[in-house]
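In what follows, a structure is listed as structure tokens, so that the remarks can point back to it.
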Amino acid sequence: MMIRAALVAAAAFAPMLLEASRSRRNEAILRARGAVEPPGDVYAWMQVAYPGCFVAIVVEAALRQQPAGAWAIAGVVIFLLAKALKYWAIAALGDRWTFHVLVLRDEPLVTTGPYRWLRHPNYVGVAGELIGAALMAGSPVTGVIAFVAFGGMMLARIRVEERALNM
């Protein structure tokens, strides 16, 4: 059972480190091109809460030590589909994807990839990551709390992005 918690932690944190590296690189590129960051972003909270959600999910999994079952398999599928959607969104944005909201003036909105059908596919992917991780881990309590709490932050972030894109 502890192995399951460790696997969920690895599935959550290894990609997170790679994403952080890509975000930093893209942020430098965007700032050099004159991108601006709008006021009122909740990123400071998100950078703590996002990994914190996965830590809580893993801790609950370690404490519960429930055997894996159909819910865990569903969690793996949801997590992988969520990651695929998120990485499709990242690929569509290219060097415009970062953890920060950075807007290049006079650049058209990206309408390719998943942005053809969804306004904020990255956040749909993140929500799926949380749900998938909680199901994989067998962590229903922290899964719900993480989804609701981080979901609220994502909604606040979307409002910041929408304001910035309409400036």
Side-chain angles (χ1 to χ4, degrees), residues 2 4-32 35-65 72 75-76 78-91 93-104 114 118-165 167:
M2 292 297 283
R4 186 163 120 195
L7 290 173
V8 171
F13 290 107
M16 199 181 299
L17 293 172
L18 296 172
E19 292 162 12
S21 175
R22 182 173 184 156
S23 175
R24 281 190 300 275
R25 180 182 58 83
N26 289 348
E27 183 179 332
I29 291 167
L30 288 169
R31 290 189 190 277
V36 295
E37 190 167 4
D41 194 7
V42 295
Y43 177 70
W45 291 100
M46 293 177 89
Q47 71 180 350
V48 174
Y50 182 65
C53 288
F54 291 104
V55 168
I57 287 168
V58 168
V59 167
E60 182 181 352
L63 293 174
R64 281 182 176 268
Q65 295 192 20
V76 169
I78 291 168
F79 188 84
L80 291 174
L81 290 172
K83 278 293 186 192
L85 176 61
K86 183 177 179 179
Y87 290 150
W88 189 21
I90 290 170
L93 289 173
D95 66 7
R96 290 167 67 177
W97 179 84
T98 69
F99 286 166
H100 288 268
V101 176
L102 295 171
V103 179
L104 289 169
L118 296 169
R119 180 78 169 169
H120 298 281
N122 187 75
Y123 298 128
V124 174
V126 170
E129 289 172 349
L130 291 169
I131 293 166
L135 290 172
M136 282 190 294
S139 302
V141 175
T142 54
V144 170
I145 292 168
F147 178 77
V148 171
F150 202 75
M153 287 182 210
M154 288 190 294
L155 291 174
R157 185 69 173 304
I158 287 169
R159 286 190 295 273
V160 170
E161 285 184 13
E162 291 297 326
R163 270 194 325 269
L165 292 172
M167 290 170 67

So [Y] and [X], do their side chains get closer than 4.5 Å, heavy atoms only?
| X | Y | result |
| --- | --- | --- |
| Ile131 | Phe147 | yes |
| His120 | Glu162 | yes |
| Leu85 | Leu81 | no |
| Met16 | Pro51 | yes |
| Leu30 | Thr98 | yes |
| Tyr87 | Glu19 | yes |

Roughly how far, to the nearest 0.5 Å, is the [atom2] atom of [Y] from the [atom1] atom of [X]?
| X | Y | atom1 | atom2 | answer |
| --- | --- | --- | --- | --- |
| Leu130 | Ile145 | CG | CD1 | 12.5 Å |
| Tyr43 | Met46 | OH | CE | 9.5 Å |
| Ile90 | Asp95 | CD1 | CG | 13.0 Å |
| Gln65 | Met2 | CD | CE | 6.0 Å |
| Trp45 | Met153 | CH2 | CE | 7.5 Å |
| Glu129 | Leu80 | CD | CG | 10.5 Å |

Using a 3.5 Å distance criterion without hydrogens, assess whether the side chain of [X] forms a donor-acceptor pair with backbone atoms of [Y].
| X | Y | answer |
| --- | --- | --- |
| Ser23 | Phe99 | yes |
| Asn26 | Trp97 | yes |
| Glu60 | Val141 | yes |
| Ser139 | Ala61 | yes |

Might you point out which heavy atoms bring [X] and [Y] nearest each other, and give the distance in Å?
| X | Y | result |
| --- | --- | --- |
| Arg22 | Gly94 | NH2-O, 4.0 Å |
| Ala89 | Pro121 | CB-CG, 3.9 Å |
| Ala137 | Ile57 | CB-CG2, 3.7 Å |
| Pro39 | Val160 | O-CG1, 4.2 Å |
| Val101 | Ala164 | CG1-CB, 4.3 Å |
| Met136 | Gly75 | CG-C, 3.4 Å |

request  = Taking only Lys NZ, Arg NE, NH1 and NH2, and the carboxylate oxygens of Asp or Glu, determine whether Glu161 and Arg119 approach each other closer than 4.0 Å.
outcome  =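 No, Glu161 and Arg119 are not salt-bridged.
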key: side-chain contact (heavy atoms from CB on, under 4.5 Å) between Val55 and Phe13, worked out   = CA-CA 9 Å; Val55 168; Phe13 290 107; 3.7 Å; yes
Among Arg31, Arg24, Arg25, the one residue meeting side chain to side chain donor-acceptor pair (under 3.5 Å) with Glu27 =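 Exactly one option meets the side chain to side chain donor-acceptor pair (under 3.5 Å) with Glu27, and it is Arg31.
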ask   = Should the pair Phe54 and Phe79 be assigned to parallel (<30°), tilted (30 to 60°) or perpendicular (>60°) ring geometry?
value =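 It falls in the perpendicular class, over 60°.
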